[in-house]
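Chain letters run A, B, ... following the sequence lines, proteins first and then strands; every chain starts at 1. None of the values given here were measured: they were computed from a predicted structure.
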Amino acid sequence: MSGRRTGQVLLMLAGLIAWAVQFTVIYGVTSTLCGRGWADATLFGFGIVPATIVSATLITFAATAVAVIWSIKSHRQNAKRPAATTDGFMSHVAILINGLSLVVILWHGISALILPACA
Amino acid sequence: MQSALDPAGGDASRIYWLTMTMTVGGILIFLSVTSLLLYAIFAPPERRAWLGSRRTIIYGGLAFPIITLSALLPYGLIVMRDSDVPKAGALPIEVIGEQYWWRVRYPADGDRVAFSTANEIIVPVGRPIAVSVTAADVIHSFWIPNFGGKIDMIPGRINRLNFTAERPGIYRGVCAEFCGDQHARMAFDVIALEPAAFETWRTEQAKPAQDPEVPLLARGRELFRAGGCGSCHAVRGTEANGQFGPDLTHVGSRRTIGAGQFPNNIGTLAGWIANTQHIKPGVRMPSYGSLTGEDLRALAGYLESLR
Amino acid sequence: MNAPERPGSFGEQEPELPNPLPRPEGEFEALKKAWKAPRGISFITAVNNTYVGLWYVGTAFLFFILAGILALIMRAQLAAPEGDLVSHDLYNQLFTMHGTVMMFLFAVPAVEAASVYLLPNMQAARDLPFPRLSAYAFWAYFVGGLVFFGTIFFGLSPNGGWFMYPPLTGTKYSPAENADWWLLGIGFIEISAIAGAIEIIVGVMKTRAVGMSLDKLPVYSWAMLVFAVMIVIGFPAIILGTLLLEMERAFDWPFFIAERGGDPLLWQHLFWFFGHPEVYIIFLPATGMVSMIVPTMAQTSLVGYRLIVLALIATGFLSFGLWVHHMFATGLPKMSLSFFSAASTAVAVPSGIQVFAWIATIASGRMKLTTPSLFIIGFLFIFTLGGLTGVMVAMAPFDWQAHDSYFVVAHLHYVLIGGMVFPLFAAFYYWAPVASKHALSERLGRWVFGLMFLGMNVTFLPMHITGLIGMPRRVYTYPVEMGWDALNLVSTIGAFMIAAGVAVFLFDLARNFRFTLEDNAGNVWNASTLEWLPNGTYNTRSIPSVVSRDPLWDQSNLSKDVEDGRYYLPGTATGGREALVTSPFDARPQYILQVPGPGWQPVLAAVFTAAFFLLLTVKFVFTSVICGVLAVGCVIWWLWETDPGPVRPPADIGGGIVVPVYVTGPMNHSWWAMIVLMVVSGMVFTCLIFSYLFLWLVNPGAWPPQGVRIPDWIWPSLSALLYCASAVLIAVASRQLRGADRRNPRSVPILIGVALLLVSGAAAVDLWTQWGTNLSPSAHAYGAAVYAIVSLQIFFVLTTFIMGIYTIARWLAGRLDSVRRTTFDNTMLFWYYTVGQGLTALLVVHGFPRLTGGI
């Protein structure tokens, strides 16, 4: 697999990978903090649990948004030049996957606004 | 008698409305999808052509679910936030799941003393209840459908379940997690009483057992002692203080025996003692089949008198 | 590296195919001879995908019927309250076996089996890349599965429910061997599933028709690719789980015993991290089948191909974020639950995309109401309902009520029967003409569908209510006054309707199914994909070049041209079995893979593997070990004949393309397989590290517990040094194995030998260090976790050891040199992996307790 192909695959899966990272971080941090009874700790005045969830959500959301823009760009380029059909296909699927990931990442963030930290 | 569709508490009705919303919404979506499918198959080609494009997938498969679920998910989370919430002034109850029955403890509550009972939970109407659960052997799950969801009883962990009974009545709870041979026969009664009646019950339960006055019952008590029943069962106020099995101090006052299996009377008690392993094979208590009919009546009568 | 010559003209200038010239005399005969199946008793040594695939599908279907019969007995017991048809003990075995057999012996093997048959045909590959591996996977499953099922006749079947929650399944509450049958029996059937997954991944990526680039890949191949990757990620969790529980049962290492620092919830995490993706592992291949059948029945191209690919990939990912939704009632913080609620909600979106893609496809064509179509319509109906109840149980508060009640029983059967069994029956009716002289009967098919569809809904629709009015699952009987009687009776009647439908299907099979390859019924549905090309044991006479997703519709005369050998590789270049390996993205020809033919080795290896596990279960340790050694011996015997080297110069495969018959390095198919195996191993190890951290989390202040001393840092450092040194030696050996003189330098076996001593030394030092601190594996979960990590590492070092010895033997036998070095490459990759895992293990075991310092 050449470097270019690896890049294409990574871009195609970027949103879902970002989601996986977000998921691991928010679940891991919540479990550890709640499990150790550190739920009441604060970070700059915010509860540490919601602060982690919100920031993990924002960061991964931003990363995915960048991936969406990249995949749109690369799709435009593929449309312009006489590229192999595989390239156009992969950049198009990349747009779809990254776009859907934006929604999924947001859905995982909203709990921080609704639920108490560790109850 | 035991139904999530007949809520008798705040949490249960909150969940009930979530259920109804999702059921109705689900049925509507189901009907729309199947109608579209049938339309796609049977409508004349020129009339169904609009359906045969990527647009259909984008609107029906992507946009619609995202919009609907974006509304449903926060609703679900809000119901979750508002259900099973610990409240100040709640009545604490401890329940321990054992193969295949429920050990129930009422810890001291203000100036009211602690006591143990089994397979029956009595709660006052209107006062929040805070149940702490765990298990003595394997995993069980504590479920009273009319009052709300279930909570697993896990060895080494203490879980909590909060609910409030809103109308008096007799309800039923069951073990929902498979726990071995007699999982099917592990239930309990839940009785919601008016606060005053609850206080009376509580006072009665905290008292030790009364000595029998009738000779037959005294004989039953003697058989209970001689038979070694006290090595597993406790009858407060007597020398019987076993801790393996259910506390029998006021067993006669309970609605059912065998962990919610049979109505409680002399006949069923006698049947139970003589045929435990036949009625509920695999429970810890052996059958006492060698007792004569008269002894059995005396013993059952004694137990029945423990009110 | 021995890269192929660049296929010069390909891509820039269309090769002149189909080639109109007549084929040389004897070419076709040579091809047929190479692929001829063995006869007589040796027939069972056949490894060709069509034979193995058919046996595999047949065996899986047998288990469907057997597990179905168990369900009928249960339904008969529950027809009325206080039923006494079977005892509580038998009933508990029945439902455990029903779930276990349906999931592990029917559903996963069935979809894997179907793909062993279909995938190469659909991609116009001659065979799967590792035919002997599929044969091994099949025979291990066949022997092991039948023995496992047989336990029900002796009252020895597992009886703890198909998810086997400890402590109920621990020694204290299940002292008999029933639970061991589950742990060991299922343990190795998982290994068989992983073998199949490796095969499928490499098959989809590397053996396709020329020009079948990723955007032209059949949806089924996409589905199987995602399926196989999910197995590779998900199954290690359950393999580790069964290992830990079996170690607890056999050696009293308390992973799940709360009194000694273990936690029953650890099992639930490991089980469901596998168990939830498992549902999608079963479902995705079925949707792949649906996406193949719908376009044919509507006689139009699939609408929304890219959206479906999105849906498959997204489902594959998201399904790993759902596992805790089986644990909503375990008392975890609401915040944690909410993440799984969100993921469970999100996974509904890709399913919606697929459903609407099929509706759009149907609308854009003209659906013929054949039996496969009926099953597809039934599938859409049932699965949509199951999906909607799935969204309901994704909402944690609702699930607190529904969990472990008959509502969930209804939901899971809607999803699994709707999502997998109905598509599978559609597939039986649809693809039967590929494997049989006659198609199955349309008239009987309607009866099968009608009975199964009605029966399914009559059985399971009422259960939604039964559950909500309080009936818990897994009860062998229920009291009279609960109001569940009528609903249960209806369910029982429905179950027997399903059975009647399956019986009619069996009758149809007996009447019409006649296995054949050369004179099959042919393309009766006018389908568009390559499995409908004329075929034989060699699959297609020549390997076509495709230009669209519907080659049979878009490329006129394709069948005839392929059959007359006018495309690639119409004969055999080496005189033996071959497959054409293509590049993973654009499917350009890369090299000719010399495919192994029939042999006793995979059959014997499988039988001995099965015997090893089964005898271990009944504690015949000595005989079991002998079988284990024999199994390893058979595998080595089998491998010895592989890695043939460049037996001839690069060959012309037609169209002016010349490709080598042997390559090494990252282009090689077994390199890919080794990478996948490393991912599997890495996942097992990751799950073990997760378990270690999880146990830390539940043991505040006791990590390590009081009185346990952490070894001095000098010893792990020494161990790490030895690991690194051994890896360096292997790297040096690899560098030296690159000269023009193929047999030089002579130092290679010596380097490997010394590296072997170092790597063994590293593992020995670590074991000795732990032993020296008097750490007991059974006193506390800490010790158990540490020894589990050390033991797993020792297992990997032992495997590396065997591979190293084997590699040296290849060199000494003259079967390994600087060109023919695939064996060395595989050993090298595995070596690096073992070293990497060893270093991580040292870091965790010795570093983590220091870092946290008893927090």
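Neither the backbone nor the side chain of C/S341 comes within contact range of chain A; no heavy atom of the residue lies under 4.5 Å from a heavy atom of that chain. For C/L318, the parts sitting under 4.5 Å from any heavy atom of chain A are the backbone and the side chain alike. Using a 4.5 Å cut-off between heavy atoms, C/V349 touches chain A through its side chain atoms alone. Only the backbone of A/A117 comes within contact range of chain C, with heavy atoms under 4.5 Å apart. Both the backbone and the side chain of A/I97 come within less than 4.5 Å of a heavy atom in chain C. Residue A/P50 does not touch chain C at all, counting heavy-atom pairs closer than 4.5 Å. Interface remark: A/W19 contributes side-chain atoms only to the contact with chain C (heavy atom separation under 4.5 Å). For chain A, no part of C/F694 is nearby; none of its heavy atoms comes within less than 4.5 Å. Proximity to chain A is absent for every atom of C/A311, based on heavy atoms less than 4.5 angstrom apart. A/V49 touches chain C through its side chain: at least one heavy atom from C-beta onward sits under 4.5 Å away, while N, CA, C and O do not.
Using cut-offs of 30° and 60° on the angle between ring planes, the pair A/F89 and C/Y305 is tilted. Using cut-offs of 30° and 60° for the angle between ring planes, the A/Y27 and C/H269 rings count as tilted.
C/D586 places a side-chain heavy atom less than 4.5 Å from the side chain of A/R5. Residues C/F317 and A/I17 are in side-chain contact: their nearest non-hydrogen atoms beyond the backbone lie under 4.5 Å apart.
Closest approach of A/C118 and C/P333 over heavy atoms only: O-CB, 3.7 Å. Here the closest non-hydrogen pair linking C/A346 and A/W107 is CA-CZ3, 3.5 Å. For the pair A/T86 and C/S213, the tightest heavy-atom approach, listed with the atom from each and the gap, is OG1-CB, 3.4 Å.
Contact count against chain A (heavy-atom pairs under 4.5 Å) is highest for C/L214 among C/L693, C/V698, C/L214, C/L307. Interface remark: of the candidates C/P350, C/A314, C/G316, C/G321, C/G321 forms the most heavy-atom pairs closer than 4.5 Å to chain A. In terms of heavy-atom pairs under 4.5 angstrom with chain C, the leader among A/T32, A/V93, A/V103 is A/T32.
None of A/I26, A/I53, A/I114 except one satisfies the side chain to side chain contact (heavy atoms under 4.5 Å, CB included) rule with C/M335; the exception is A/I53.
Within a 6.0 Å sphere centred on CH2 of A/W70, heavy atoms belonging to other residues, nucleotides or ligands number 12 at most. Counting heavy-atom neighbours within 6.0 Å of A/R76 CZ, excluding the residue itself, gives a total of 12 or less.
In this structure, CZ on C/F320 lies 12.5 Å from CG on A/L16, to the nearest 0.5 angstrom. Atom NE2 of A/H92 is separated from atom CG of C/D215 by 12.5 Å, given to the nearest 0.5 angstrom.
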